[in-house]
Amino acid sequence: KCKTLLTSKLVTYDITLGQFVNKKEQMERDLIEAIEKEEFVMFLQPQYSTVSDRIVGFEALIRWDNKKYLSTSPEEYISLAESNNLIIDIGRQIMHQTFKMAKALESYDINISMNISPVQMLQAGFTNEFMQIYQSYDLKPNSISIEVTETFLMTSFELIIEKLKILQRFGVSIHLDDFGTGYSSLLYLKELPIDSIKIDRKFIMYALSDKYSKAIINMIISLAKNLDLEVIAEGVEDDKQYQLLKKSGCNTVQGFYIGKAMRFDDAVVLLNEFSLDKLSKKKEVK
Ligand code: C2E
Ligand code: MG
Ligand code: MG
Ligand code: MG
């Protein structure tokens, strides 16, 4: 009896595993097709200055413009693309698209930041290719920033630092993304060529209800000030969080309160029309 039970369990397990593999394989085939058809689109999420009261930049976030995958989280297919190196081709398409958008928005005096995968950056020749594409769009210095995470840096510390320094000298700002969520020590901060720290959404989420989150936010802001770094708060979703961050001296915020990631055309409309006053009044009425 026991034997049968065991066997049936094993069979069930196999089927689930098989389905999982199939889904991954299917997605891998779809990814290859998507690269050929250029189905990836960069959406732009606004970043707002609490000091100058205007939109000062956007984070470019990838979306898979295909009915089946439009709502799939990029985390799902980016990690798959990293495991089979398809991220190299995807990353190249992302660079072209993002630089083209940055060029088109040049007159607004904004900066666009893009997420770079460690697999992409560790590729030989990455910095040269980046700079070459950048120049081919005739972009001014400081038009583009790149976002890297703490875990990212741990993959190959020395080499990554060397590459980041090259890009920084070229005129690209480096943001440390999802700060405070990795397992790294604060000691490494002084080795890093970074210009700004992004406070992770998870701290903002509990900023008003939890004293630890609030203390960590204040700690990051003061750390950044003392190191002459900019701070960007991620995941700001309402006016209360916005006011708290502004009061705490956080100069730049990003989150659904200001706007979700949107298509390029909508970002242009937003740049022409956005006003925080209008936004908070509209919310009050609701
Ligand atoms: P990330 O770089 O930390 O991006 C921020 C994520 O938080 C985005 O999710 C964004 O839509 C979401 N977010 C922003 N504000 C709010 C808010 O107020 N509330 C909530 N609930 N969420 C907010 P998204 O676009 O799904 O991206 C997830 C992750 O996928 C990114 O995290 C990044 O690690 C990766 N990713 C996205 N685009 C790219 C890309 O072009 N290249 C690479 N290598 N990775 C990318
Ligand atoms: Mg990011
Ligand atoms: Mg982030
Ligand atoms: Mg993230």
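When a residue number appears, it is its place in the shown sequence, counting from 1. One-based numbering, in listed order, for ligands and for the atoms of each.
Taking 4.0 Å as the cut-off between side-chain N and carboxylate O, Arg201 and Glu234 do not count as a salt-bridged pair. Ionic pairing of Glu162 and Lys165 is not present here: no N-O contact between side-chain nitrogen and carboxylate oxygen is shorter than 4.0 angstrom. Salt bridge status for Lys198 with Glu59: present, with a side-chain N to carboxylate O gap under 4.0 Å. Salt-bridge formation is detected for the pair Arg263/Asp65: a Lys NZ or Arg NE/NH1/NH2 atom is positioned less than 4.0 Å from an Asp or Glu carboxylate oxygen. Ion pairing between Glu129 and Arg92 holds under the 4.0 Å rule for side-chain N and carboxylate O.
When distances from the Mg ion (ligand 2) to the N, O or S atoms of Glu59 are compared, OE2 comes out shortest. The atom of Glu147 nearest to the Mg ion (ligand 2) is OE1, with the search restricted to N, O or S atoms. Note on Asp177: its N/O/S atom closest to the Mg ion (ligand 2) is OD2.
Against a heavy-atom cut-off of under 4.0 Å, Gly255 is close to the following atoms of ligand 1: 15 (N), 18 (O). Listed by number with element, the atoms of ligand 1 under 4.0 Å from a non-hydrogen atom of Ser117 are 44 (N). Close approach to Asp178 involves these atoms of ligand 1, each under 4.0 Å from a residue heavy atom: 3 (O). Below 4.0 Å from some heavy atom of Glu234 lie the following atoms of ligand 1, by number and element: 3 (O), 5 (C). Proximity to Leu61 (heavy-atom distance under 4.0 Å) selects the following atoms of ligand 1: 4 (O), 8 (C), 10 (C), 11 (O), 25 (O), 37 (C), 38 (N). Within the listing of ligand 1, atoms 18 (O) sit less than 4.0 angstrom from a heavy atom of Val236. Close contacts of ligand 1 with Glu237, meaning ligand atoms under 4.0 Å from a residue heavy atom, involve 17 (C), 18 (O), 19 (N), 20 (C), 21 (N). Ligand 1 places these atoms under 4.0 Å from at least one heavy atom of Pro74: 24 (P), 25 (O), 26 (O), 27 (O), 30 (O), 37 (C).
Taking a 4.0 Å cut-off on heavy atoms, Met114 fails to register as neighbouring ligand 1. Assignment of Arg63 to the shell around ligand 1 is supported, since a heavy atom sits closer than 4.0 Å. Not a single heavy atom of Ala261 sits closer than 4.0 Å to an atom of ligand 1. Assignment of Lys198 to the shell around ligand 1 is not supported, since no heavy atom sits closer than 4.0 Å. At least one heavy atom of Arg201 sits less than 4.0 Å from an atom of ligand 1.
Where the criterion is an N or O separation shorter than 3.5 Å, residue side chain and backbone included, Gln120 fails it with respect to ligand 1. Between Ser73 and ligand 1, a contact under 3.5 Å exists for no N or O pair. The shortest N/O to N/O separation between Ile116 and ligand 1 does not fall below 3.5 Å.
Between Ile204, Asn115, Asp200, Ile78, it is Asn115 that holds the heavy atom closest to atom 2 (O) of ligand 1. Scanning Gln45, Met42, Glu76, Gln254 for the heavy atom closest to atom 15 (N) of ligand 1 points to Gln45.
Taking backbone and side-chain atoms together, Asp178 has an N/O/S atom less than 2.8 Å away from the Mg ion (ligand 3). Taking backbone and side chain together, Thr149 holds no N, O or S atom under 2.8 Å from the Mg ion (ligand 2). Taking backbone and side-chain atoms together, Glu234 has an N/O/S atom less than 2.8 Å away from the Mg ion (ligand 3).
Residues Asn66 and Asp30 form no side-chain contact, since every pair of their non-hydrogen atoms from C-beta on lies 4.5 Å or further apart. Counting heavy atoms from C-beta on, the side chains of Trp64 and Leu31 come closer than 4.5 Å.
Annotation: Phe130 is in aromatic contact with Phe99 [ring centroid separation under 6.0 Å]. Aromatic pair Phe274/Tyr48: ring centres closer than 6.0 Å. Taking the six-membered ring for Trp and the full ring otherwise, the centers of Tyr134 and Phe170 sit less than 6.0 Å from each other.
Note: His96 and Tyr137 have perpendicular aromatic rings, judged against thresholds of 30 and 60 degrees for the angle between ring planes.
Side-chain atoms of Ser196 and His175 form a donor-acceptor pair, as typed in the model, at a separation below 3.5 Å.
Atoms CZ and CG, from Phe152 and Leu122 in turn, are 7.0 Å apart once rounded to the nearest 0.5 Å.
Nearest approach of Ser117 to Glu82, heavy atoms of both residues: OG-OE2, 2.8 Å.
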